[in-house]
Each structure stands twice: as C-alpha cells, then as structure tokens.
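Notes to accompany the following structure.
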Amino acid sequence: MFAANVIQKKHKMKKSPAERVGMAVVYFICILAGVLTITPFLYVLAGSFATERELVERSFFIIPHTFSLNAYKYIVNDGSIFRGLGNSFLIMIVGTVINMLFTTTLAYPLSKHNLRGRNLVLNMVIVTMLFSGGMIPNYLVVKGLHMLDSYLALMIPGAINAFNLIIVKNFFQELPGELEEAAKIDGCSDIGIFCKIVLPLSKPALASVGLFYAVSHWNDFFNSLIYLNSTEKFPVQIILRQIVLLAQGVSADGSSLDFGANGTPPEQAVRMAATVVATIPILVVYPFVQKYFEQGVMVGAVKG
C-alpha cells in the first residue's frame, strides 16, 4: 500500500513536455528580466570606482581595470554628505511615521460601510488623485502656514497619499468582522480594536505602504529645493546635486585637487558615485520588509 502511494505521488509529480517547456520559458524570462534590471546598477557601481581614462575608452564594463576611490573621496571631501545623509534619514523616518499615522487613522473609519458620509469623503480623496492645485498654490499654502525652511513643509502637505490610503482601506475591509465583534463583546474600545487587532493583522499592507512612503521621502528632491533655504537642513539629494555641479566646474576649468595618483575624479564617475550613495541606504531597508511583501501576496491569493 505504501509503495503504491509513493508510485502514485511520483506519477502525479511528472510533468508533460509542454509544461516543462512552459516552465523553461518562464524561468528564462525571469532570469532575463533580472539581468536587465541589475546590469545598469552594476555598471554605475563599477563606473564609480573607475578612472577618467577607463570611462572614456570603455563604453561598458562591470569590473574596472584600475580601481580608484577618487570619486568617493571627492564626495566626502568637505563632510557635507554626512550631514545630508543624517537629514535625509530624519526626514524619511519622521515623515513615514506621520504618513502612516494619518493614513491608517483615516483608512480605518473609511473601511466601515455604516459610516455616515463615507462615500463623500472617499470621493474627495479620489478627486485628489486626478486633480492638483499645482506648485504655486501649494507654495502659498506652505508659506501661509509658516512652514517655509522647515522639515514640516516636506511632511505635512503630503501626509496622506490617496493611492496608499485606498490600499490600506481595502485591506482593512478584508479583515474578518467577527474579530471586532468579539472584541466589542469583551469590552474593547474602538481605539483598542484598532491598535490591538487591526494593525497587528495588517502588517503586510502596512509594511508595503510604509516602504512606498519611505522611498518617496528619501528620493524627494523638488520639494526640498523649493521649501528649504538653510544649507544645514539640505537632504542628501540636494547635497549630491551641489557636489555634481561642483565637479562639472572643476572639469570645465581644468583645475585639479589632490586625490592621489589618478588625479581629480572624472565628472561621470562623480555622478555615478552620487547615484550609489543615494541608492544604497534605501536598498538596505528592503530585506527587512521583504517577508511582509510575501505574506501580502499569500493573503491576497487565499482570499481570491
């Protein structure tokens, strides 16, 4: 009987030639997509360690022939990059906390079908996805609220993203209503239900939306350029822009700085090194939330 079951399981595991060809095509497409995605970043990473001569002579490479740290020495020369990184981490962390606080507290009541005026509020949220006041009205609002040259100008106006709000609201709606009813019978308040039941069960959605907010704050350049005036408050994106512009000036006038045997780093290498410095920190965060992405996919698959 045991042998028959083993044979039957092996028979079920056998795939037809068409299935094998299909799986091979899927694997090939996934590998090709992965290679096409990571190759440009590898080139940028390698170029940031290359010399000017190699960047001119070789149109593409993954491993530089001459390893040079001149571009990174140029970036960290005056120490402003470290201040910019600290400011960016501060904006990202505090801004993401504000985003998640406002998004979840608005999404939870909107997920209740018995809430009066729910459709009106939802329509108002959806309108913001389609229409925007524009740069000048936003600037006037920020100025009227006395938030110019303040980090609040980068956090408060965009505290709620309509798309992320709808994602969280829909996830809250999928949670079993019986859990909340049981908690109410036990005497739990609405705030207690929200904090002790809804939020812990929504970790996949919250991790995904939180990462979207964090990446948005980290990559924010235009708002910082408009609303911030003090140099000591500039995030890393603005600092890197200034460094790249300075490198262009150095390359244009032919001046040289003491960066070792390879001389002044090329303008292109400085741009690549700036890209690496701006990208690596946010890439480090992803492995910590990857498991929540996988859980979110599984939850959606089970619920259909």
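If you read the sequence from its start, that first residue is 1, and numbering goes on from there.
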> Cut-off 3.5 Å, side chains only: do Tyr227 and Ser150 have a donor facing an acceptor?
Replying inline: no

> If only atom types and distance count, is the side chain of Asn138 paired as donor or acceptor with the main-chain N or O of Gly134 below 3.5 Å?
Replying inline: yes

>> Any salt bridge linking Arg53 with Glu57? Criterion: basic side-chain nitrogen under 4.0 Å from a carboxylate oxygen.
In response: yes

> Taking atom types as modelled, is there a side-chain donor on Asp149 or Ser230 under 3.5 Å from an acceptor on the other?
Replying inline: yes

>> Do Leu211 and Leu90 sit in one hydrophobic cluster, given that two such residues count as connected whenever their side-chain heavy atoms are within less than 4.5 Å of each other, even indirectly?
In response: yes

>> Closer than 3.5 angstrom, by distance alone: can the side chain of Gln242 be matched with the main-chain N or O of Ile239 as a donor-acceptor pair?
In response: no

> With side chains defined as the heavy atoms from C-beta onward, is the minimum distance between Ile91 and Ser88 less than 4.5 Å?
Replying inline: no

> Under 4.0 Å between a Lys/Arg side-chain N and an Asp/Glu carboxylate O for Glu174 and Lys169?
Replying inline: no

> Do the side chains of Asn99 and His217 get nearer than 4.5 Å, heavy atoms only?
Replying inline: yes

>> Given 3.5 Å as the limit, does a donor-acceptor pair link the side chain of Asp186 with the main chain of Cys188, or not?
In response: no

> Same hydrophobic cluster for Val35 and Ile29, using side-chain heavy-atom links shorter than 4.5 Å among ILVMFWY?
Replying inline: no

> Taking all atoms of both residues into account, what is the closest heavy-atom pair of Ala274 and Ile75, and its distance?
Replying inline: N-CD1, 3.6 Å

>> The criterion is ring-ring contact (aromatic ring centres under 6.0 Å, His included); which residues satisfy it with Tyr108, sequence neighbours excluded?
In response: Phe194

>> Using a 3.5 Å distance criterion without hydrogens, assess whether the side chain of Gln237 forms a donor-acceptor pair with backbone atoms of Trp218.
In response: yes

>> Does any part of the side chain of His65, heavy atoms only, come nearer than 4.5 Å to the side chain of Thr51, both counted from C-beta?
In response: no

>> Tell me whether Val142 shares a hydrophobic cluster with Ile136, the cluster being built from Ile, Leu, Val, Met, Phe, Trp, Tyr side chains joined at under 4.5 Å.
In response: no

> Quick one: does Tyr213's side chain have a donor or acceptor within less than 3.5 Å of a partner on Asn161's backbone?
Replying inline: yes

>> Are the side chains of Leu122 and Leu110 in contact, using a 4.5 Å heavy-atom criterion?
In response: yes

>> Run Thr128 and Met124 through side-chain contact (heavy atoms from CB on, under 4.5 Å) and show every step you take.
In response: CA-CA 7 Å; Thr128 63; Met124 293 173 61; over 6 Å; no

> Does a sphere of radius 6.0 Å around CD1 in Ile126 hold more than 12 heavy atoms from other residues, nucleotides or ligands, not counting ones at 6.0 Å or beyond?
Replying inline: yes

>> Under the criterion side-chain contact (heavy atoms from CB on, under 4.5 Å), I'd like the reasoning laid out for Asn77 against Lys73: C-alpha separation, chi angles, the key distance, then a yes or no.
In response: CA-CA 6 Å; Asn77 185 43; Lys73 291 179 181 178; over 6 Å; no

>> With a 6.0 Å cut-off (strictly less than), is the heavy-atom count around CD1 of Ile191, excluding the residue itself, greater than 12?
In response: no

> Does the side chain of Glu54 come within less than 4.5 Å of Ser68's, by heavy atoms?
Replying inline: no

> Should Arg271 and Leu240 count as side-chain neighbours, where that means a heavy-atom distance under 4.5 Å?
Replying inline: no

> Can you tell me if Asn87 uses its side chain to pair, donor with acceptor, with the backbone of Phe234 under 3.5 Å?
Replying inline: yes

>> Any heavy-atom pair between the side chains of Asp190 and Lys184 that's under 4.5 Å?
In response: yes

> Can you check whether Ser216's main-chain N or O pairs, donor with acceptor, with Asp220's side chain at less than 3.5 Å?
Replying inline: no

> Would Lys112 and Arg118 satisfy side-chain contact (heavy atoms from CB on, under 4.5 Å), going step by step from the backbone distance to the final call?
Replying inline: CA-CA 8 Å; Lys112 305 303 177 184; Arg118 171 178 176 270; 5.7 Å; no

> Quick one: which of Val198, Leu199, Ile197 gives a side chain to side chain contact (heavy atoms under 4.5 Å, CB included) with Leu201?
Replying inline: Ile197

> Which pairs with one or both residues in residues 24-53 pass ring pair (Phe, Tyr, Trp, His ring centres under 6.0 Å), sequence neighbours excluded?
Replying inline: Tyr43-Phe60, Tyr43-Phe61, Phe49-Phe67, Phe49-Tyr72

>> Counting only heavy atoms from other residues, nucleotides and ligands, does the tally under 6.0 Å from CZ of Phe221 exceed 12?
In response: yes

>> side-chain contact (heavy atoms from CB on, under 4.5 Å), that's the test. Do Phe89 and Val236 meet it? Break it down for me.
In response: CA-CA 9 Å; Phe89 276 112; Val236 67; over 6 Å; no

> Just by modelled atom types, is the Lys233 backbone N or O under 3.5 Å from a matching donor or acceptor in the Tyr151 side chain?
Replying inline: yes

> Where do Gly47 and Ala269 come nearest, in terms of heavy atoms and distance?
Replying inline: O-CB, 3.7 Å

> Under a 4.5 Å cut-off applied to non-hydrogen side-chain atoms, are Ile167 and Ser208 in contact?
Replying inline: no

>> Counting only heavy atoms not in Ile63 (residues, nucleotides, ligands), do more than 12 fall under 6.0 Å from its CD1?
In response: no

> Do Phe102 and Val97 belong to the same hydrophobic cluster, where Ile, Leu, Val, Met, Phe, Trp and Tyr are linked whenever their side-chain heavy atoms lie under 4.5 Å apart, directly or via other members?
Replying inline: no

> Ignoring hydrogens and geometry, is there a side-chain-to-backbone donor-acceptor pair from Ser48 to Leu45 under 3.5 Å?
Replying inline: yes

